[in-house]
Amino acid sequence: MEIKDKIKLLEDYLKDKKCILGFSAGSDSTLLAFILSRVSPDSLLVTVDNNMMPNGFIEYTVTKSKEFNLKHEIIKLNFIEDPEFISNNHKRCYNCRNLMYKNIRELPEFKEYDLFIEGTNLTDLLEDRPGVLILDKYDMISPLVECGITKDDVFNILDYYNINYSFNTTCLSTRVKTNESINKEKLSMVDTAEHILRKYVQQNNMRVRFDNYQAIISIDSPDELMNSEKLNKINKEFLELGFKRVFLDITGYTQTKFKYKTENDYFYYQLPYTIDINKTVDKINKKTKLEITKEKNEITYKDITIQKNGKIIISRKNNFYKKFNEILPYIKREI
């Protein structure tokens with residue numbers, strides 16, 4: 001499908017529907033905000049100021065909302081005051097979204113809007129992101145998933161229209177190793193360290209991971225830091241912040257790549273989570289009347305087999321990429 005066709009698909013899906021969009025000004029929510037500005041200009045962007053985001057985050061969301069001429073509200077919360085969140089357990093992304101979306105739903109004007117939407121894209125479903133489980137709780141919709149828009153599609157559409165977005169919109173708590181508690185000191189150290197890093201490298205994706213006061217630098221191309229002078233300067237400044245040691249992850253900043261495998265007469269892809277068979281069947285039934293064969297641990301739908309363990313199997317006579325992207329939006333993961 002061409003870029004223009006995908007844009008039209010998204011525009012048709014959102015046209016004349018007043019939406020509330022959780023807005024971070026990252027690539028996904030920026031694309032949705034742009035589309036809303038074209039087809040549903042009465043929509044509302046909502047940003048949560050939770051004391052967990054990089055410096056300049058809120059200001060940038062304000063600038064982008066004005067650029068799109070869309071209404072914008074900011075909800076101020078302090079996640080540091082929530083014991084469950086600062087424990088930073090394996091449910092941290094679920095807990096984060098729960099706090100944000102709960103407060104968005106409590107806005108006095110919430111019922112004036114047709115859809116409550118967010119920016120998960122199709123490629124995100126290839127990753128182990130338990131935060132998506134909160135969407136059903138709040139009756140939220142992911143238009144990019146519903147329209148089959150991948151991460152590459154998002155970037156291509158933004159490039160097509162020459163639209164800028166923020167590369168730094170992820171919660172700072174995600175930099176802290178899971179199960180290591182969060183506090184203001186650690187978040188401040190990470191934020192300052194990433195600002196320092198930007199003085200020495202000019203790359204889109206860069207993270208400073210926090211592991212028991214050790215800093216692990218992750219960037220797109222580690223080669224840019226393979227310079228003793230740069231490394232010594234970064235090491236000195238990081239140690240002054242309070243880090244005990246500084247490491248460079250030479251594998252680089254990794255992003256999910258779609259790679260399927262072959263087995264006899266079949267293609268297959270292994271998702272990194274288990275699948276809720278019953279909820280997946282329910283979602284398929286809502287979208288199509290085609291026959292589904294359901295067993296305890298798998299579903300057969302058309303010529304696709306979906307196993308509870310996350311394995312998706314498709315006959316080699318088909319275009320795997322096309323078929324896989326058709327079924328992926330229907331898949332519901334287990335809690």
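Values below: every heavy atom of this structure, side chains too, minus hydrogens, waters and symmetry copies.
If you chain together hydrophobic residues whose side chains sit under 4.5 Å apart, Ile86 and Val176 fall into the same group.
Between the side chain of Glu298 and the backbone N or O of Thr305 there is no donor-acceptor pair closer than 3.5 Å. Under a 3.5 Å cut-off, the side chain of Thr150 and the backbone N or O of Leu122 do not form any donor-acceptor pair. Not a single donor-acceptor pair under 3.5 Å links the side chain of Thr169 to the backbone N or O of Ser166.
Between Tyr213 and Phe210, the ring planes lie perpendicular to each other; the angle is over 60°, past the 30° to 60° tilted range.
No cation-pi contact links Arg105 to Tyr138, judged by a cut-off of 6.0 Å to the six-membered ring centre and 45° from its axis.
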Full working for ring-ring contact (aromatic ring centres under 6.0 Å, His included) between Tyr260 and Phe324: CA-CA 10 Å; Tyr260 58 80; Phe324 184 79; 8.9 Å; no

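Under a 4.0 Å N-O distance rule, the pair Glu11/Lys8 does not qualify as a salt bridge.
Heavy-atom contacts from other residues, nucleotides or ligands closer than 6.0 Å to CD1 of Ile250 number 12 or fewer. For Tyr268, the OH atom sits in a packed shell: over 12 heavy atoms of surrounding residues, nucleotides or ligands are nearer than 6.0 Å.
Of the N and O atoms on the side chains of Asn121 and Asp124, at least one donor lies less than 3.5 Å from an acceptor on the other residue.
With ring centers used as reference points, Phe116 lies under 6.0 Å from Phe110.
In this structure, Ile58 belongs to a hydrophobic cluster whose other members, linked by side-chain heavy atoms under 4.5 Å apart, are Met53, Phe57, Val62, Ile74.
Every residue two or more places apart in sequence or in another chain that forms a ring-ring contact (aromatic ring centres under 6.0 Å, His included) with Phe238 is listed here: Phe243.
Atoms OG and NZ, on Ser181 and Lys186 in that order, are 4.0 Å from each other to the nearest 0.5 Å.
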